[in-house]
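Taking it in order: structure first as structure tokens, then the write-up.
Counting starts at 1 for both ligands and their atoms, following the listed order. Counting begins at 1 with the first residue of the sequence.
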Amino acid sequence: MSETTLDQTPQSDAREGVASSDRRKFLRKSVALAASGAAAAAAGNAYGDVKLETVNEPLEINPTRNILGRGVVSVPYGMPSKFEKDVVRRNVSWLTADTVASISFTPWQDLNGIITPNGLHFERHHAGAVDIDPETHQLVIHGMVDKPMIFSMDDLKRMPSHTAIHFLECPANGAMEWRGVQMDSMQFTHGMVSCSEWTGVKLTDLMEYVGVDPKSTWFYAEGADGSALQRSIPMEGAKDQFGEPIKASDCELYKDAMIAYAQNGEALRPENGYPIRFLLPGCEANMSIKWLRRIKFVDKPLVTYQETRHYIEPLPDGTIRQFSFLNMANSVINYPCPDNHMKGKGSYEIRGIAWSGQGKIAHVDVSVDGGKNWQEAELVEPVLSKCVTKFKLPFEWNGDEHLIMSRATDETGYVQPTLAQMRKVRGTNSIYHKNSIQAWKIEKTGEVKNVQIENF
Ligand SMILES: Nc1nc2c(c(=O)[nH]1)N[C@H]1C(S)=C(S)[C@@H](COP(=O)(O)O)O[C@H]1N2
Ligand SMILES: [Mo]
């Protein structure tokens, strides 16, 4: 096993040349625009060619004014406007042989907050999504415990509840881009992360209940679907299958874990593990076992089929990286992006999302000149641990070509690496944990392209 990794290397010196933003100048300009009112609008303004005549039209023709609308509960479970029909999860047909063992991606290019609506949460199934009756579903906790126990859904809901907003990211997010540009859509370059408010029971509360043997150093969780997906999760004193100690901070990750039954206030969706899923914040989402039926406390890792064949990373020197649990700091600009082109010269706001499995996002720097100069973006509240954070920065587009990119730094000082740095350490044979800086190219036409820049 090799410890060669970018993950443990804070690259605070990589965060160079950050200038303060031009926010004040931008504000002054917007105020001037508002003050000059209709005259300025008639002459066109920084946001486009708004003319007085076109502004007047909707006031005269108002087709919905004289009809009755739909009554309440005509749609008992509300759905998005019919005009938003293209804001959907998508899959890549050539990526997997079927849709049962497959992946769908969240359309972040169309989202404006940090929360992923439940119907848009990415999906990753190894044997399809199953429908489980909560009346009969049970969670077994056994192994190295004083009192092995079976919990019904009612039992779990009576226990003290825990609520937190966290992202979930499949470590294969961005996998298609390791060797070169592949997908001209941010849905596919970054859509295997989603973020929700989760509610459930803390694992540590359940551990106290069943009395976990202090000699237990690992546990594993198992789902009720056909995939038999199991992952080993370390606790204090855990050693790998060769007797090498697991990094101490990784042995603390379970303390954040919960058995979640609610997602954004409502019951989990079947695709995301209804009625309960394991949730291990900050860690590769394959550890967050859906349709959870069993947790077993043990004193060595299972080293399952998945752990020896799938969730490992072959490195350029021939060694293999294993048990790389955390999703390291990552960020991407979702406006503009290949799915959101420029709509004429003038004022814009560059917007994006950043997240880190190590904790809070500390800052995000944005470059509009291919990484030569960086400006600090504004972080939008709330800024939470192991959660998506939104950032924004005013941008004046004069019609020139631009290479735009964002670079996240988390509260540990870890700086999101360049793809060149990642390839040097990890090569291109891995499909996991690609969290490198993403560049988009704004063309003179206003089109926005996915690009990979030399030395970046
Ligand atoms: N039982 C079970 N749990 C599972 C999986 C699965 O196929 N079966 N897929 C895992 C993987 S690889 C990922 S990335 C996440 C995806 O969670 P989501 O589908 O809710 O986005 O669930 C994990 N938990
Ligand atoms: Mo995954």
Atoms of ligand 1 less than 4.0 Å from [X] heavy atoms?
X: Ile289; value: 1 (N), 3 (N), 24 (N)
X: Trp291; value: 1 (N), 2 (C), 8 (N)
X: Asn272; value: 18 (P), 19 (O), 20 (O), 21 (O)
X: Gly223; value: 1 (N)

Non-hydrogen side-chain atoms of Phe325 and Pro234 separated by less than 4.5 Å: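 In contact.
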- request: With the side chain counted from C-beta on, respond yes when Met342 and Phe395 share a heavy-atom pair under 4.5 Å apart, and no when they do not.
  value: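 Yes, their side chains come closer than 4.5 Å.
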Is [X] salt-bridged to [Y], cutoff N-O under 4.0 Å?
X: Lys247; Y: Glu252; result: no
X: Lys290; Y: Glu271; result: no
X: Arg293; Y: Glu222; result: yes
X: Lys215; Y: Asp299; result: no
X: Glu244; Y: Lys239; result: no

For ligand 1 and [X], I'd like to know whether there is a polar contact (N/O to N/O, distance under 3.5 Å).
X: His125; answer: no
X: Tyr311; answer: no
X: Asp225; answer: yes
X: Lys290; answer: yes
X: Phe122; answer: yes

Would you mind telling me if ligand 1 is within reach of the side chain of [X], the backbone, both or neither, using heavy atoms under 4.0 Å?
X: Ser288; answer: backbone
X: Glu271; answer: backbone
X: Leu229; answer: side chain

In the protein, what heavy atom is nearest to [atom], and what distance, to one decimal place, separates them?
atom: atom 9 (N) of ligand 1; value: Arg124 O, 3.2 Å
atom: atom 6 (C) of ligand 1; value: His126 ND1, 3.5 Å
atom: atom 15 (C) of ligand 1; value: Ala285 O, 3.4 Å

message: If we ignore hydrogens and angles and just use 3.5 Å, is the side chain of Asn118 paired with the main-chain N or O of Gln263 as donor and acceptor?
response: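 Checked: pair present.
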Aromatic ring proximity Trp355/Phe391, centre distance under 6.0 Å: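 Centroid distance Trp355-Phe391: not below 6.0 Å, so no.
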- request: Examine ligand 1 and decide if any of its atoms is less than 4.0 Å from a heavy atom belonging to Arg277.
  value: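 Within the 4.0 Å threshold, so yes.
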Among Ala221, Ala129, Cys170, closest by any non-hydrogen atom to atom 14 (S) of ligand 1: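 Answer by nearest heavy atom: Cys170.
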Derivation and outcome, salt bridge (Lys or Arg N to Asp or Glu O under 4.0 Å), residues Lys441 and Glu443: CA-CA 6 Å; Lys441 183 178 181 202; Glu443 304 277 10; 3.6 Å; yes
